[in-house]
There are 2 protein chains.
Amino acid sequence: MAKRVNQQLIADKLQVSRATVSRCFTNHPGINPETRGKVFKLAAALGYNHLEPRTGKGRRKSSPNRYGVLICTDVESYESTDYQSPGENLIAGLSEFSQLNNLLMEIHCVDPSEKTLTDPSYAKIETLGRREWDGVVLVYPFPETIVDELNLQVPVVSLVEQYSGTPVNCVDVDHHRGIALILRRLSDLGHKRIGFMTHRYGFDANWALRRHSAYVEEMTRLGLMVDPANVLNVRPTDRLVPEEAYAKALERTRYGVTAWVCAADHQAYGLISFFQQHGVKTPADVSVTGFDGIEKPDWAPELTTAVIPYYEIGQIGGRRLEDLAQKRFGSAQHVMLDCTLREGETVGPATSGSATSGPAAIN
Amino acid sequence: MAKRVNQQLIADKLQVSRATVSRCFTNHPGINPETRGKVFKLAAALGYNHLEPRTGKGRRKSSPNRYGVLICTDVESYESTDYQSPGENLIAGLSEFSQLNNLLMEIHCVDPSEKTLTDPSYAKIETLGRREWDGVVLVYPFPETIVDELNLQVPVVSLVEQYSGTPVNCVDVDHHRGIALILRRLSDLGHKRIGFMTHRYGFDANWALRRHSAYVEEMTRLGLMVDPANVLNVRPTDRLVPEEAYAKALERTRYGVTAWVCAADHQAYGLISFFQQHGVKTPADVSVTGFDGIEKPDWAPELTTAVIPYYEIGQIGGRRLEDLAQKRFGSAQHVMLDCTLREGETVGPATSGSATSGPAAIN
DNA sequence: GTATTGTGTGCATAAAGTTGCATAAAAGCA
DNA sequence: TGCTTTTATGCAACTTTATGCACACAATAC
């Protein structure tokens, strides 16, 4: 019978003493980070779970915790106040939470192009250098190296999906649910040939890939075929600039696609505008949907889209960080919040004509 | 004939003392959560209900909340205690949480084929009928009708993804992360032509679709093409029984697929066995991976797979329910927990031969 | 009443985990 | 180089946890 997994087993395998292993789990100072890393890694592999001691006696220190909020964006583009940016609501939710729970939050913007904590925009944050934070909130995607470095120092919560080798706590919208709401609506209206379109971004755009994968999943669930020709700018070989993608979408629409699911609102507005310029009307000729719930441009119709609950994401993010800082519920979690479908004016019933006929159907 | 169900019976079946069983039901501290999990699980299967007989004494402190735990499964398949089933760890985590927070949890098994709360296996749960619960935990997928009915009455947390029109709180493994870990490992070993296989289940198997969508996403991220011919039993039109799927996988392997990602461990074991019977060796000729982390059959090699943290899922689920019952953080959340990659003996480097040549490559 | 059955709990104990102190190795420093 | 300081780890003593034994108590049976 397999040996029971306990600290002794880990100690034996790594040729260290039981004491060392114990100290790793109890977060004692004076343990070589390398050793600690080995221990945690093996522990995970063996499935050892270090359970917090039952009787939570007199914990809860009273000094208010300090947290840092890092926003990975150019200061210029962030400061623009012309339209309500998503970030605004995120921060609102976050500070709402910190106020309610009597926490201190320091907000800083950092340069997206910098890759280590010693680079200027990080170095100039004194409180970070002095390790005075009990946790960090990351807003928008960060370079993987930064996430990993921070993760070793303090609890980290990211407010969008981070793609990283090490597990990261994160709070995000439920992309699957949003796409499912959209596709079910389209399906109810009789759409069967539904395409998916996105722009090409750098490698940070996990959300676009995630929404595409949700599209694949939900199409399958609805019993609809995914025609690779109707999926634009997702495959590794596709590298269309927006105009090319729009043109391609127009072509595919002439071949019978009756609805386009775009990975983001701004893409959808771009597509609608392009269609308009080429005499294709939304939603009369083709339906278009987005994802985000940003405010619509003046010229555009109200978009049918999934609205991301930014405010709540901020709130829940704060709460999760507080939990982590108190060492409760340690391993990485990914919290996805529900979103709502906003019924706009850009979807209509599937046009029976285009669903069955060829290139000449719309012109 | 069937013995009367009492604590002694449970104790005997689990080879522990009756004292231990008693302590489980009375929420004593100092009981191994794993043991408690086993006890509760078996109790549910046997239909034992510990209804506190002595209410007279002044022993109740601040009237603890009562929660129901419903397990949607056949009692027979659930009762077997031979090997450590996933459910056991789920319950263990759940009861650990309820012990720590002084909650009462009642566990019941219900019949998966019943679709409304008035059906027998629900009707016979008196405390449910009397609306005495402050919340319900659902284990395994339930019929949508049941989920919706319960959702109207009390806070509900599901311990696997539920596919439902109304938003449902749920705690699950991060399927995307698990598949990503597996695919990155395969990619590191030089695999490029990687297939995906699943069995066909009823419409409850959201996890299979979700894992497939994760496969699509991660393949794309790695810059690998998804060849529809190497994706088995996902499209609406595919309805292969396991043997057919295995045969198809064998054929595709001869055409150059070097690794198969299966949606679940038992599928992977089936595939490996089939390959073996047809002279294809794992991992020498082809790599195979799973998902779940169940214990391996005796005949099989240790599978490379993503291990689901059942224990933690139970814990976090309990916590989420408690939050909901106290009206905190209302809107539906989907919490996904990180999983770990278990390195087994079923993946190896991509065989350079088969990756480049045709049907004759393996024989 | 006394026997019987079922359940809760104090106490003992082995196994597992933690920690004070000593010490070896590494790093500063003149 | 040789001396001090720091850091990381082992040893062994100590603490905590999980569970069985045995008895106490209550409800029912006879």
Side-chain angles (χ1 to χ4, degrees), chain A residues 1-44 46-59 131 152 327 330, chain B residues 1-43 46-61 64 81 84 88-89 91-93 95-100 102 104 106 311 315:
Chain A
M1 165 82 197
K3 265 182 289 183
R4 209 164 144 51
V5 281
N6 53 23
Q7 296 188 352
Q8 185 70 64
L9 181 68
I10 296 173
D12 290 346
K13 291 214 181 204
L14 290 174
Q15 313 237 57
V16 297
S17 82
R18 208 167 75 265
T20 306
V21 177
S22 173
R23 273 187 266 254
C24 289
F25 290 115
T26 43
N27 257 338
H28 271 168
I31 284 287
N32 190 330
E34 208 174 300
T35 311
R36 180 183 277 139
K38 276 190 209 159
V39 169
F40 281 145
K41 193 177 162 204
L42 184 62
L46 295 176
Y48 177 84
N49 248 32
H50 184 260
L51 307 172
E52 289 281 316
R54 302 278 156 293
T55 49
K57 47 186 169 186
R59 44 180 56 199
R131 309 266 178 103
L152 287 175
K327 291 281 188 311
Chain B
M1 197 19 232
K3 274 176 285 184
R4 219 165 131 42
V5 277
N6 52 22
Q7 296 188 352
Q8 187 67 60
L9 180 67
I10 296 173
D12 291 346
K13 289 213 183 205
L14 292 174
Q15 313 231 60
V16 297
S17 82
R18 202 186 43 70
T20 306
V21 177
S22 172
R23 274 188 266 255
C24 288
F25 292 115
T26 45
N27 255 357
H28 273 223
I31 286 287
N32 189 327
E34 212 171 289
T35 310
R36 207 191 346 245
K38 281 187 199 159
V39 170
F40 280 151
K41 179 194 145 172
L42 185 60
L46 296 174
Y48 176 86
N49 235 353
H50 183 261
L51 25 98
E52 36 186 347
R54 39 156 56 89
T55 44
K57 282 263 198 166
R59 65 190 319 288
R60 44 186 6 215
K61 25 186 161 180
T81 50
Q84 191 182 20
E88 192 170 295
N89 272 327
I91 306 295
S95 59
E96 154 89 353
F97 181 85
S98 64
Q99 199 280 311
L100 277 172
N102 197 37
L104 283 171
E106 263 184 56
Y311 184 85
Q315 266 194 314

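Predicted, not measured: the structure shown is a model, and the values here were computed from it. Residue numbers start from 1 in every chain, and the chains themselves are labelled A, B, ... in the order their sequence lines are given, proteins ahead of strands.
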* Structure fact -> Winner on side-chain proximity to A/A19, out of C/dT19, D/dT19, C/dG17, is C/dT19
* **Length of the CG-C1' vector between A/L9 and C/dA16, whole Å** => 13 Å
* Asked: Can you tell me how far C1' of D/dC11 sits from CZ of A/R18, to the nearest Å?
  -> 10 Å
* Starting at NZ of B/K13, measure out to CD of B/Q8 and round the result to the nearest 0.5 Å. => 13.0 Å
* Asked: Of the candidate nucleotides D/dG20, D/dA18, C/dT7, which contains the atom at the shortest distance from the side chain of B/Q7?
  -> C/dT7
* To do: Could you tell me whether the phosphate oxygens of D/dA18, OP1 or OP2, come under 4.0 Å of any side-chain nitrogen or oxygen in B/T20?
  => no
* Asked: What is the nucleic acid contact for B/V16, judged by heavy atoms within less than 4.0 Å: base, sugar-phosphate only, or nothing?
  -> sugar-phosphate
* Asked: Which distance, rounded to the nearest 0.5 Å, do you find between the CD of B/Q7 and the CZ of B/R23?
  -> 11.0 Å
* Options C/dT7, D/dG10, D/dA13, nucleotide nearest the side-chain atoms of B/N6 -> C/dT7
* DNA chain C: 5'-proximal contact among B/Q8 and B/R23 (nearest heavy atom) -> B/Q8
* **Between P of D/dT19 and CZ of B/F25, the distance in whole Å** => 14 Å
* To do: Output the distance between atom CD1 (A/I10) and atom CZ (A/R18), rounded to the nearest 0.5 Å.
  => 12.5 Å
* To do: Please determine if a side-chain N or O atom of A/S22 lies less than 4.0 Å away from the OP1 or OP2 oxygen of C/dT19.
  => no
* Value in whole Å for how far the C1' atom of D/dG20 lies from CD of B/Q15 -> 14 Å
* Would you say a side-chain N or O of B/H28 is under 4.0 Å from OP1 or OP2 of C/dG8? -> no
* Structure fact -> NZ (B/K38) and OG1 (B/T20) are apart, to the nearest 0.5 Å, by 11.5 Å
* Structure fact -> From CG of B/D12 across to C1' of C/dG6 the rounded distance in Å is 14 Å
